[in-house]
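As a basis for the values below, the full set of heavy atoms in this structure was taken, side chains included, without hydrogen atoms, waters or symmetry mates.
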Amino acid sequence: MAQAGFYSSGTDAAPDSARCYVCFKELEGWEPHDNPWAEHRAHSPNCSFAKKGKPQGKLTVEEFIRMEIESHHNRVEKIMREKVKDAEELSEAVLEELTKLGSK
């Protein structure tokens, strides 16, 4: 699993969950016969780590640095999507409360 870019991200609800360190795709429900490389490519076809198809220890220094940059970029995008979602949910709740106050 680690060779294919995954690390454990399991929880009580999904104990076999694994996440790619570059694209942050999470997969669960692993079966003993599953091929981590094939699953990674199938579920995250744009992941540069999955596209390369070689373990971290086999990457050139340049490839490794590019993967790290992509990983940080993806992490920031993921955090920003979560923050935007939180702000949208909060604004909907505030609008709902204001609507209730306006109808009184």
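Atom CG of residue L27 and atom CE of residue M1 lie 7.5 Å apart, to the nearest 0.5 angstrom. Atom CE in M67 sits 12.0 Å away from atom CD1 in I65 (nearest 0.5 Å). Here the straight-line distance linking atom CG of N46 with atom SG of C23 works out to 9.5 Å at 0.5 Å rounding. Taken from CG in L98 to CD in E96, the straight-line distance is 10.5 Å, to the nearest 0.5 Å.
Screening E70, E68, E63, E62 against R66 for a side chain to side chain donor-acceptor pair (under 3.5 Å) leaves a single residue, E62.
Hydrophobic clustering (side-chain heavy atoms under 4.5 Å, transitive across Ile, Leu, Val, Met, Phe, Trp, Tyr) groups L59 together with Y7. V84 and V76 are members of different hydrophobic clusters when ILVMFWY side chains are connected at heavy-atom separations under 4.5 Å.
For residues 29-41, the side-chain hydrogen bond (donor to acceptor under 3.5 Å, both in side chains) pairs, not counting sequence neighbours, are E39-H43.
V22 and N74 make their closest contact through O-ND2, 2.7 Å (heavy atoms, listed as atom of the first residue, atom of the second, distance). The two residues F49 and Q3 come nearest to each other via the heavy atoms CE2-O, 3.6 Å. Between P45 and K51, the closest heavy-atom pair is O-CE, 3.2 Å. Taking each heavy atom of A4 and P36 in turn, the nearest pair found is CB-CB, 3.6 Å.
Side chains of F24 and S44 form no contact here, defined as non-hydrogen atoms less than 4.5 Å apart.
Legend: residues meeting side chain to side chain contact (heavy atoms under 4.5 Å, CB included) with H73, ordered by chain and number and at least two apart, are E77.
Between K100 and E97, at least one side-chain N (NZ, or NE/NH1/NH2) sits under 4.0 Å from a carboxylate O, which counts as a salt bridge.
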Practice problem: Any chance you could lay out the side chain to side chain contact (heavy atoms under 4.5 Å, CB included) test for R75 and K78, step after step, and finish with the verdict? | Solution: CA-CA 5 Å; R75 181 177 294 118; K78 181 178 180 183; 5.8 Å; no
Self-check item: side chain to side chain contact (heavy atoms under 4.5 Å, CB included) assessment of C20 paired with C47
Solution: CA-CA 9 Å; C20 171; C47 177; 3.8 Å; yes
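Between the side chain of D16 and the backbone N or O of E28 there is no donor-acceptor pair closer than 3.5 Å.
Taking the six-membered ring for Trp, Y21 and F6 have ring centres at least 6.0 Å apart.
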